[in-house]
Number of protein chains: 2
Amino acid sequence: MPTTPSQYREVAQRIRDRILRDRVYLPGAQLPKEFELAAELGVDRATVNRALRVLAAEGLVYVRRGKGTFVSTLLTPIHRNAAARYRPENRTEGGGRGAFDVEIRRLGLEPKSELTVSRVPAPEVVAKVFGVEPGTEVVARARRMFAGEAPVQIATSYIPVDIAAGTALEEQDSGPGGIVSRFAELGYAQVRMSERLSVRPPADEEANFLKMTPDQRVYEVVHVGWTAEGRPVEVCVHIMPAHLWELEYDWEVPVG
Amino acid sequence: MPTTPSQYREVAQRIRDRILRDRVYLPGAQLPKEFELAAELGVDRATVNRALRVLAAEGLVYVRRGKGTFVSTLLTPIHRNAAARYRPENRTEGGGRGAFDVEIRRLGLEPKSELTVSRVPAPEVVAKVFGVEPGTEVVARARRMFAGEAPVQIATSYIPVDIAAGTALEEQDSGPGGIVSRFAELGYAQVRMSERLSVRPPADEEANFLKMTPDQRVYEVVHVGWTAEGRPVEVCVHIMPAHLWELEYDWEVPVG
DNA sequence: GAGTGGTCTAGACCACAGA
DNA sequence: CTGTGGTCTAGACCACTCG
């Protein structure tokens with residue numbers, strides 16, 4: 001509740017206006033250096049620096065150390081519809097048209113992702129869902145995802161070894177329909193899903209890969225897929241820069 | 001990607017540890033003044049101030065101008081299950097046991113809320129959902145919600161005038177089962193719901209009521225209720241401090 | 001008025017990018 | 001080696017709370 005004046009916010013607002021309203025600085029363009037902005041706006045460089053930190057935290061600009069400050073090119077959020085992305089027609093993952101691909105192409109960008117499959121000790125959250133001791137070995141499918149050249153998400157699926165061992169779930173190429181289809185073929189059809197989401201500052205490693213500042217925030221989405229018997233068979237943890245994504249959920253209301 | 005040392009982050013981490021791990025500063029307790037922390041940790045007061053800003057942004061501490069800095073008391077997030085909260089058994093709102101009440105009492109806190117009913121020009125988002133001109137008159141039910149003394153949410157429902165005029169939807173007390181039950185009685189049973197959520201810095205007015213700093217973030221959840229005919233009959237915009245809430249969504253997966 | 005935090009300036013030094 | 005941002009310090013002044 002800053003009743004205090006606050007020049008740095010005024011400076012931030014003026015620069016924000018130049019970007020969004022007056023289009024003085026276009027997406028991708030480099031801003032004047034801090035020293036110049038300071039001189040032009042009649043404040044100290046420290047004040048401009050703080051203002052730019054605010055705009056960077058919002059995702060409006062990004063800073064490349066030693067190079068300069070630039071207007072972000074991804075000004076429209078990426079839309080993710082949780083229920084829709086798991087419907088069969090959106091899951092033709094093997095053919096290169098998975099839900100993520102659709103989400104990114106909708107913005108006219110080129111999706112890209114890198115997958116690493118391995119066995120790891122179950123993280124705490126995952127162990128809790130599976131009902132095993134933390135540290136129990138599970139299969140991990142870690143995906144690092146990009147829109148164009150920009151990293152936009154880390155998604156790591158965890159699967160109990162007794163389900164995945166020796167199956168397509170441990171392969172690099174999960175085949176047509178994505179891994180949800182493989183689960184079904186193995187007798188673990190997922191009939192119910194849940195997602196629990198929170199927002200927090202990025203961990204160092206996350207900030208590093210996602211090119212985020214400590215002032216920005218990530219969504220942490222813990223997705224769980226359940227079989228008809230009520231067994232959780234897949235936990236997927238999604239980490240997404242909060243300023244880049246808009247999330248949607250749809251559901252039917254039970255009669256009553 | 002701060003490969004730069006950064007004393008202020010180290011200071012923040014040391015204070016964070018004292019709160020979470022070593023329990024030197026307990027929930028509700030006042031921290032030493034910035035000047036003292038600075039002397040003790042061997043840094044300038046500006047550095048301590050910046051470190052505390054980081055912790056305040058996370059919601060771990062809060063600052064009362066002129067008084068001091070205190071450890072937050074709400075260290076466990078409030079859990080909100082979107083689908084569950086609209087199920088009939090959780091909607092006995094009139095009796096003082098609505099979904100929000102349950103969410104807060106689960107943490108051992110006392111829920112409280114203030115309602116203001118009025119007619120207002122439709123905000124842009126709302127107008128778009130209803131398919132009317134922005135500025136068209138709609139009924140607004142604005143709720144400001146508290147957990148104990150702490151403000152935790154602003155929720156404003158918008159309803160087309162042709163539906164709400166002269167009905168219980170314009171009354172202060174919406175009666176048993178909450179307004180969703182009233183919609184059903186009026187022939188507008190909501191059979192499908194959607195929520196679109198994003199994260200952003202609080203607007204000044206929001207920060208003011210929710211007692212937030214500009215470095216914190218809010219969820220903006222746009223909830224829409226649809227009838228079987230596909231008409232959107234209610235838009236509810238929820239504003240929640242992101243560090244206070246954890247959101248959950250459950251859904252069934254169509255067979256295939 | 002005393003106590004506490006919020007912000008601003010001025011100057012200095014460091015880290016990283018690129019020629 | 002130069003240019004750009006990131007951070008730290010020291011000192012000053014302002015705003016809000018409470019006695």
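Reminder, nothing fancy here: chain letters follow the sequence lines and each chain counts from 1.
Note on B:Arg80 versus B:Glu195: salt bridge recorded, some NZ/NE/NH1/NH2 to OD/OE distance being below 4.0 Å. Under the 4.0 Å criterion applied to side-chain N and carboxylate O atoms, A:Glu58 and A:Arg217 are not assigned as salt-bridge partners.
Taking only side-chain atoms of B:Glu34, from C-beta outward, the nucleotide of D:dG5, D:dT9, C:dG6 with the closest atom is C:dG6. Across C:dG5, D:dG6, C:dT9, the shortest atom-to-atom separation from the side chain of B:Arg65 is found for C:dG5. With distances taken from any side-chain atom of A:Val43 to the nucleotides D:dC13, D:dG5, C:dT9, the minimum falls on C:dT9. Minimum atom distance to the side chain of A:Asp44 is reached by C:dA10, of the listed C:dA17, D:dT9, C:dA10. Comparing atom distances between the A:Lys33 side chain and each of D:dC8, C:dG5, D:dG3 picks out D:dG3 as nearest. Among D:dG6, C:dA10, D:dC8, the nucleotide with an atom closest to any side-chain atom of B:Tyr8 is D:dC8.
Within a 6.0 Å radius of CD in A:Glu149, no more than 12 heavy atoms belonging to other residues, nucleotides or ligands are found. Few gaps surround CZ on B:Arg18; more than 12 heavy atoms of other groups in view lie less than 6.0 Å from it.
Annotation: cation-pi pair B:Arg85/B:Phe100 absent, no NZ/CZ under 6.0 Å from the ring centroid and within 45° of its normal.
The phosphate of D:dC16 has neither OP1 nor OP2 within less than 4.0 Å of any side-chain N or O from B:Lys67. Considering only side-chain N and O atoms, B:Thr47 lies under 4.0 angstrom from the phosphate OP1 or OP2 of D:dT9. Between B:Asn49 and the phosphate of C:dG6, there is a side-chain N or O to OP1/OP2 separation shorter than 4.0 Å.
Residue B:Gln30 contributes atom CD, which lies 15 Å from atom P of D:dT17 at whole-angstrom precision. If you take NZ of B:Lys211 and C1' of D:dC16, they are 14 Å apart, rounded to a whole angstrom. Spacing between atom CZ of A:Phe35 and atom P of D:dG6 amounts to 17 Å, rounded to whole angstrom units. The interatomic distance linking A:Arg53 (CZ) with C:dG6 (P) rounds to 14 Å, in whole Å. The interatomic distance linking A:Gln7 (CD) with C:dA10 (P) rounds to 11 Å, in whole Å. Protein atom CD1 of B:Ile15 is 11 Å distant from nucleotide atom P of C:dG5, rounded to whole Å. Atom CZ of A:Arg64 is separated from atom C1' of D:dG3 by 17 Å (rounded to the nearest Å). Per the geometry, CZ belonging to B:Arg45 stands 15 Å off P belonging to C:dG3, to the nearest Å.
At a threshold of 4.0 angstrom between heavy atoms, the contacts of A:Arg50 are confined to the sugar-phosphate backbone, with no base atom among them.
Mapping A:Leu31 and B:Ala46 onto DNA chain D via the closest heavy atom, the residue that lands nearer the 5' end is A:Leu31.
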